[in-house]
Every structure is written in structure tokens, then in C-alpha cells.
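As C-alpha cells, the structure follows; a few thoughts come after it.
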Amino acid sequence: MKFVPTAVSGAFVVEVEARSDERGLFARTFDAKSFADHGLVPSYPQCNVSQNHKRGTLRGMHFQAEPRPEIKLVRATRGTVFDVALDLRRDSPSYLKWASVELDAISHNAFYIPAGCAHGFLTLDDDCELFYQMSEAYVPELARGVRWDDPAFSIAWPFPPSVISERDAALESYSQETNL
């Protein structure tokens with residue numbers, strides 16, 4: 001595995017080193033020792049799946065607040081998504097910066113998103129599925145989010161979403177967000 005740094009401090013694209021032969025492909029997608037050797041969380045007690053039927057579906061920008069912020073390791077198991085990490089850590093050198101990666105089922109890459117960063121994605125294909133490994137259990141009262149199109153971040157989405165939940169569409173701008 002290769003750990004490729006991004007514009008967001010502590011966020012990495014995790015690239016697999018696939019081996020192919022006449023049978024198909026084999027790749028290690030996770031190794032706790034490799035993650036620990038890179039200073040990354042090596043244990044994920046909760047896993048989630050997100051299925052998205054339509055191209056242009058946007059989910060985000062979500063995070064879990066203190067005292068149980070989540071680290072996420074996200075990969076596409078079907079289709080392709082434009083995946084974004086947004087740094088909301090006030091003491092970070094990349095505060096208010098964002099990084100993106102295309103996650104797809106063919107490359108088997110993943111995005112490691114540190115605690116204190118919001119996460120969101122836009123589906124680039126119909127019928128996408130993402131698999132999340134989470135460092136913390138979900139705590140509904142700690143769930144937070146900021147607007148996907150907030151000018152404070154200027155995230156360069158590839159195109160405007162065509163499907164977005166009422167909850168995500170109603171998220172406040174960062175300048176109004178008080179419960180980080």
C-alpha cells in the first residue's frame with residue numbers, strides 16, 4: 001500500500017498495490033501495522049455502507065463533534081465518486097482547506113479522513129456504493145455538518161448535485177456553525 005498525502009494535513013489517499021494474473025486481481029486493502037507505521041489509526045470498530053442510485057447524488061459535508069470525532073477510511077466498492085475531506089480543525093496548518101480524490105471500484109483506492117474534518121462525496125456514476133470504516137461509533141447528538149457549497153471553502157465539485165437530502169440541503173454555512 002502507498003499512503004499519498006493530500007492538501008489536508010493528515011488526510012491520505014491509500015493506493016493498493018494490485019497483482020493481476022490469469023485468475024484476476026489480488027490486493028491488500030488494509031493492514032493495521034502499515035497504518036500504525038504511518039501514524040494512522042489501525043482499528044475501526046464500526047463499518048458502514050452507503051448505496052446511491054443516481055449519478056449526481058451528494059452526501060455531505062458531515063462530521064462527528066467532540067468528544068467522539070470520527071476518523072474515516074472510505075472506499076468505493078461499486079461505481080466512482082468525487083470524495084472530499086474538509087479541514088475544520090482550527091489549529092491545523094490546512095484549516096479550511098479541502099482535498100478530493102476520485103474513489104472507484106476498479107482502482108480499489110481509499111481515502112483516510114482524519115478526525116475534525118468534514119466528509120462528503122458526489123456520485124459520478126449511477127449505482128455507486130461506498131464502504132466506510134469508522135474509528136468511533138455513531139453518536140446522533142454529535143452529528144454535525146456544513147454546507148457543501150459554502151463559499152468559505154469554495155470546493156470545486158465537478159458539477160452541481162441533482163440529488164441531495166433535505167437535511168444536507170438545509171445545513172448552515174460555516175460562518176453560522178457554532179457547534180464544531
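Everything numeric in this text was worked out from a predicted model, so none of it was measured. Just so you know, residue 1 is the first one in the sequence shown, and it goes up from there.
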- Query: How far does OG1 of Thr6 sit from CG of Asp87, to the nearest 0.5 angstrom?
  - Reply: 9.0 Å
- Item | Which residues share a side chain to side chain donor-acceptor pair (under 3.5 Å) with Arg59, sequence neighbours left out | Ser50, Asn52
- Message: Tell me whether Arg68 forms a cation-pi arrangement with Tyr138, defined as NZ or CZ under 6.0 Å from the six-membered ring centre and within 45 degrees of its axis.
- Response: no
- Taking the side chain as C-beta and beyond, is there a heavy-atom pair between Leu124 and Pro158 under 4.5 Å? yes
- Could you name each residue pair satisfying side chain to side chain donor-acceptor pair (under 3.5 Å) that touches residues 103-114, not counting sequence neighbours? Asp104-Ser107, Ser107-Asn109
- Task: Provide the closest heavy-atom pair for Lys97 versus Val8 in the form atom of the first, atom of the second, distance.
- Result: O-CG2, 3.6 Å
- Query: Are Met1 and Val41 in one and the same hydrophobic cluster, where Ile, Leu, Val, Met, Phe, Trp and Tyr link if side-chain heavy atoms are under 4.5 Å apart?
  - Reply: yes
- Check ion pair Arg147-Asp149 (N to O, under 4.0 angstrom): yes
- Inter-residue atom distance Leu73.CG - Phe12.CZ, 0.5 Å rounding: 12.5 Å
- Note on the structure: Tightest non-hydrogen contact, residues Ser20 and Leu25, listed as OG-CD1, 3.9 Å
- Query: Just wondering, do Val146 and Glu172 contact through their side chains at under 4.5 Å, heavy atoms?
  - Reply: no
- Item | Any Gln64 side-chain heavy atom under 4.5 Å of Arg144 side chain | no
- Message: Same cluster or not: Leu103 versus Val84, using hydrophobic residues (I, L, V, M, F, W, Y) connected whenever any side-chain heavy atoms lie under 4.5 Å apart?
- Response: no
- Query: Can you tell me how far the OH atom of Tyr95 sits from the CZ atom of Arg90, to the nearest 0.5 Å?
  - Reply: 4.5 Å
- Cluster check Trp148, Leu86: I/L/V/M/F/W/Y, side chain < 4.5 angstrom: yes
- Note on the structure: Nearest heavy-atom approach of Gly116 to Pro69 is N-CB, 4.3 Å
- Thinking salt bridges, do Arg89 and Asp91 make one under a 4.0 Å N-O criterion? no
- Co-membership, hydrophobic cluster, residues Val49 and Met134, 4.5 Å side-chain: no
- Please assess Asp83 against His119 for the test side-chain contact (heavy atoms from CB on, under 4.5 Å), listing each intermediate value before the final yes or no. CA-CA 8 Å; Asp83 205 77; His119 170 251; 2.9 Å; yes
- Quick one: are the ring centres of Tyr174 and Phe153 less than 6.0 Å apart? yes
- How close do Ala27 and Ala18 get, heavy atom to heavy atom, and via which atoms? CB-CA, 3.9 Å
- Item | Straight-line distance of Leu96 CG to Leu88 CG, nearest 0.5 Å | 7.0 Å
- Return the orientation label for the Phe30 and Phe35 ring planes: parallel under 30°, perpendicular over 60°, tilted otherwise. tilted
- Note on the structure: Correct closest heavy-atom pair for Arg167 and Ala143 would be NH2-CB, 4.3 Å
- Message: As an exercise, state the distance from CG of Asp125 to OG1 of Thr123, rounded to the nearest 0.5 Å.
- Response: 7.5 Å
- Message: I need the minimum non-hydrogen distance between Ser135 and Tyr44, along with the two atoms involved.
- Response: N-CD2, 3.8 Å
- Item | Worked verdict on Val74 versus Phe121 for side-chain contact (heavy atoms from CB on, under 4.5 Å) | CA-CA 10 Å; Val74 183; Phe121 64 86; 5.9 Å; no
- Message: side-chain contact (heavy atoms from CB on, under 4.5 Å) for Leu58 and Trp157? Distances and angles first, verdict last.
- Response: CA-CA 10 Å; Leu58 186 132; Trp157 298 97; 4.0 Å; yes
- Is Ile155 reachable from Ile113 through a run of I, L, V, M, F, W or Y residues, each pair having side-chain heavy atoms under 4.5 Å apart? no
- Message: Glu129: which residues meet the salt bridge (Lys or Arg N to Asp or Glu O under 4.0 Å) condition with it, sequence neighbours left out?
- Response: Arg78
- Message: I need the Ser43 OG to Ile71 CD1 distance, nearest 0.5 Å.
- Response: 10.0 Å
- Please test His53 against Asp126 for side-chain contact (heavy atoms from CB on, under 4.5 Å), starting from the C-alpha separation and ending with a verdict. CA-CA 6 Å; His53 302 297; Asp126 286 338; over 6 Å; no
- Query: Just by distance, do the side chain of Arg55 and the backbone of Leu122 share a donor-acceptor pair under 3.5 Å?
  - Reply: no
- Report yes if some heavy atom in the side chain of Phe63 is under 4.5 Å from a heavy atom in the side chain of Cys117; otherwise report no. no
